[in-house]
Amino acid sequence: MSKLFDEKLSALGITLTENQYEQFDKYYELLVEWNKVMNLTGITEYEEVNEKHFIDSLSIVKVVDISKVNTVIDIGTGAGFPGIPLKIAFPHLKITLLDSLNKRIKYLNTVIENLGLEDIQTIHGRAEDFARKEEHREQYDIVVSRAVANLSTLSELCIPYVKIGGMFIPYKSGEIEEEVKEAQTAIKILGARKKEIIKFTLPGSDINRSFVKIEKVKNTGKKFPRKAGLPGKEPIK
């Protein structure tokens with residue numbers, strides 16, 4: 001357990017048990033170990049992973065009351081961020097991790113097993129395909145994504161999973177007003193509306209984080225998301 005990590009958690013108002021600290025440390029070890037054989041992250045130094053992956057993932061507490069959230073899906077989860085840190089810190093959450101790369105799914109399953117996490121599932125596949133399945137479409141309180149994609153594309157991949165009254169909250173950085181403006185049409189067509197943009201600096205760092213709160217107000221039309229690959233190639237304008 002790192003004193004620095006503890007201070008940054010406190011700044012976010014998060015208190016962990018001994019077991020949760022151990023889970024974060026074990027997660028770190030598995031990340032570094034698997035990173036030797038597959039590309040999971042360019043960040044491997046202990047304090048840096050704590051800050052740029054763990055604290056960053058948890059910083060969503062600045063924009064949403066997690067105690068009122070039940071179901072979360074993390075689209076394009078990659079190495080498990082933000083889904084796994086959220087599950088460790090808030091065990092009540094029911095979390096789904098979706099990623100298109102099977103190797104990463106194997107790694108995530110190993111992490112889940114080694115950390116003894118429950119009520120968390122992985123899905124191997126594309127966001128466009130699983131958004132059409134009844135058990136996932138409009139079933140989640142919150143949809144999160146740290147995936148790198150412009151907001152129009154990301155909205156089409158994520159908003160279909162959000163239940164009415166729920167939120168899509170993408171993790172973005174820096175100045176995003178222009179990107180949000182360009183995504184307004186897509187957000188509206190997909191049955192949602194932009195509530196607000198919240199910007200802050202991660203505790204004890206100079207890393208700027210921006211969250212966009214996008215609220216689902218009505219059902220997403222059946223034609224969305226369009227078939228795999230299209231949301232990226234031809235974003236809704």
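The first residue in the sequence is number 1, and the count goes up from there. Quick caveat: nothing in here was measured; it's all calculated off a predicted structure.
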Novice: Please name all residues satisfying side chain to side chain contact (heavy atoms under 4.5 Å, CB included) with Pro203, sequence neighbours left out, ordered by chain then number.
Specialist: Lys8, Ala11, Leu12, Ile55
Novice: With rounding to the nearest 0.5 Å, note down the distance linking CG in Leu30 to CD1 in Ile112.
Specialist: 11.5 Å
Novice: Roughly how far apart are Arg126 CZ and Leu98 CG, rounded to 0.5 Å?
Specialist: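 Answer rounded to 0.5 Å: 10.5 Å.
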Novice: Val143 and side chain to side chain contact (heavy atoms under 4.5 Å, CB included): which single residue from Ile169, Ile159, Ile73 fits?
Specialist: Ile73
Novice: For residues 75-93, which residue pairs qualify under side-chain hydrogen bond (donor to acceptor under 3.5 Å, both in side chains), counting only residues two or more places apart or in two chains?
Specialist: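 Those involving residues 75-93 are Asp74-Thr77.
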Novice: Rounded to the nearest 0.5 Å, what's the gap from CZ on Phe5 to CD1 on Ile14? Could you check?
Specialist: 8.5 Å
Novice: Could you name each residue pair satisfying side-chain hydrogen bond (donor to acceptor under 3.5 Å, both in side chains) that touches residues 26-45, not counting sequence neighbours?
Specialist: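 Residue pairs passing side-chain hydrogen bond (donor to acceptor under 3.5 Å, both in side chains), neighbours aside: Thr41-His53.
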Novice: Tell me the closest heavy-atom pair linking Asn219 and Glu138, and the distance in Å.
Specialist: ND2-OE1, 2.6 Å
Novice: Can you tell if the side chain of Ser2 reaches within under 4.5 Å of the side chain of Asn50, non-hydrogen atoms only?
Specialist: yes
Novice: Got Val162 and Ile214 here, is their nearest side-chain heavy-atom distance under 4.5 Å?
Specialist: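 The answer is no, as the side chains (C-beta and beyond) never meet within the 4.5 Å cut-off.
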Novice: Which residue pairs pass the ring pair (Phe, Tyr, Trp, His ring centres under 6.0 Å) test with at least one member in residues 137-157, sequence neighbours excluded?
Specialist: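 For residues 137-157: none.
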Novice: If hydrophobic clusters are built by linking Ile, Leu, Val, Met, Phe, Trp and Tyr wherever their side-chain heavy atoms come under 4.5 Å apart, do Ile120 and Ile66 end up in the same one?
Specialist: yes
Novice: Side-chain heavy atoms nearer than 4.5 Å, only ILVMFWY residues, links allowed to pass through others: does that put Leu157 and Met167 together?
Specialist: no
Novice: Among pairs that include at least one residue of residues 174-183, which meet side-chain hydrogen bond (donor to acceptor under 3.5 Å, both in side chains), considering only residues two or more places apart or in two chains?
Specialist: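 Listed by first then second residue: Lys172-Glu179, Glu175-Lys199, Glu177-Lys199.
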Novice: Share the residues that join Ile164 in a hydrophobic cluster, the rule being Ile, Leu, Val, Met, Phe, Trp or Tyr side chains under 4.5 Å apart at the heavy-atom level.
Specialist: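 ILVMFWY cluster around Ile164 holds nothing else.
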Novice: Kindly give the heavy-atom pair with the smallest separation between Cys158 and Ser145, and that separation in Å.
Specialist: SG-CB, 4.2 Å
Novice: Output all residues satisfying side chain to side chain contact (heavy atoms under 4.5 Å, CB included) with Thr201, sequence neighbours left out; order by chain, then residue number.
Specialist: Ser205, Asn208
Novice: What is the minimum heavy-atom distance between Asp56 and Ser59, and which atoms define it?
Specialist: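 Scanning both residues completely, I find the closest heavy atoms to be O-OG, 2.7 Å.
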Novice: Please, which pairs that meet ring pair (Phe, Tyr, Trp, His ring centres under 6.0 Å) have at least one residue in residues 180-211, sequence neighbours excluded?
Specialist: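 Every pair satisfying ring pair (Phe, Tyr, Trp, His ring centres under 6.0 Å) with a residue in residues 180-211: Tyr171-Phe211, Phe200-Phe211.
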Novice: Looking at side-chain heavy atoms only, is the closest gap between Ile75 and Tyr161 below 4.5 Å?
Specialist: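 Heavy-atom side-chain distance check passes, below 4.5 Å.
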Novice: Applying the side chain to side chain contact (heavy atoms under 4.5 Å, CB included) test to Leu97, which of Leu108, Ile105, Val72 qualifies?
Specialist: Leu108
Novice: Identify every side-chain donor-acceptor pair in residues 186-196 under 3.5 Å, counting partners at least two apart or on other chains, and give the distances.
Specialist:
| residue | atom | partner | partner atom | Å |
| --- | --- | --- | --- | --- |
| Arg193 | NE | Glu215 | OE1 | 3.2 |
| Arg193 | NH2 | Glu215 | OE1 | 2.7 |

Novice: Measuring from Gln139:CD to Lys163:NZ, what's the distance to the nearest 0.5 Å?
Specialist: 7.0 Å
Novice: Measuring from Ile207:CD1 to Glu51:CD, what's the distance to the nearest 0.5 Å?
Specialist: 4.0 Å
Novice: Identify the two heavy atoms, one from Ser57 and one from Leu86, that lie closest to each other, and give their separation to 0.1 Å.
Specialist: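 Answer, listing the atom of Ser57 first, then Leu86: O-CD2, 3.9 Å.
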Novice: If we ignore hydrogens and angles and just use 3.5 Å, is the side chain of Asp141 paired with the main-chain N or O of Thr71 as donor and acceptor?
Specialist: yes
Novice: Counting C-beta onward and ignoring hydrogens, is there a side-chain heavy-atom pair between Lys94 and Asn70 closer than 4.5 Å?
Specialist: yes
Novice: Where do Thr220 and Pro160 come nearest, in terms of heavy atoms and distance?
Specialist: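 Scanning both residues completely, I find the closest heavy atoms to be OG1-CA, 3.8 Å.
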Novice: Taking distance alone, no hydrogens or angles, what donor-acceptor pairs closer than 3.5 Å link side-chain atoms of residues 221-230 to residues at least two apart or in another chain?
Specialist:
| residue | atom | partner | partner atom | Å |
| --- | --- | --- | --- | --- |
| Arg226 | NE | Glu156 | OE1 | 3.4 |
| Arg226 | NE | Glu156 | OE2 | 2.9 |
| Arg226 | NH1 | Glu234 | O | 3.1 |
| Arg226 | NH2 | Glu156 | OE1 | 2.7 |
| Arg226 | NH2 | Glu234 | O | 2.6 |

Novice: Taking the side chain as every heavy atom from C-beta outward, state whether Leu151 and Ile176 have any atom pair closer than 4.5 Å.
Specialist: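 Leu151 does not reach Ile176 side chain to side chain.
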Novice: Quick one: pull up CD1 in Ile236 and OG in Ser155 and give me the separation to the nearest 0.5 Å.
Specialist: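 Here the rounded value is 8.0 Å.
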Novice: Do you know which of Val212, Leu154, Ile142, Val144 makes side chain to side chain contact (heavy atoms under 4.5 Å, CB included) with Phe168?
Specialist: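 Exactly one candidate clears the test, Leu154.
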Novice: Between Tyr21, Tyr46, Phe24, which is the residue that forms a ring-ring contact (aromatic ring centres under 6.0 Å, His included) with Phe54?
Specialist: Phe24
Novice: What residue pairs, at least two apart or across chains, pass side-chain hydrogen bond (donor to acceptor under 3.5 Å, both in side chains) with a residue in residues 110-124?
Specialist: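 Matches after skipping sequence neighbours: Thr96-Gln121, Asn109-Thr122.
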Novice: For Gln20, give me all partners under side chain to side chain contact (heavy atoms under 4.5 Å, CB included), at least two apart in sequence or on another chain.
Specialist: Leu16, Thr17, Gln23, Ile88, Pro91
Novice: Is Met38 reachable from Ile43 through a run of hydrophobic residues whose side-chain heavy atoms are each under 4.5 Å from the next?
Specialist: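 Per the 4.5 Å side-chain linkage, Ile43 and Met38 are co-clustered.
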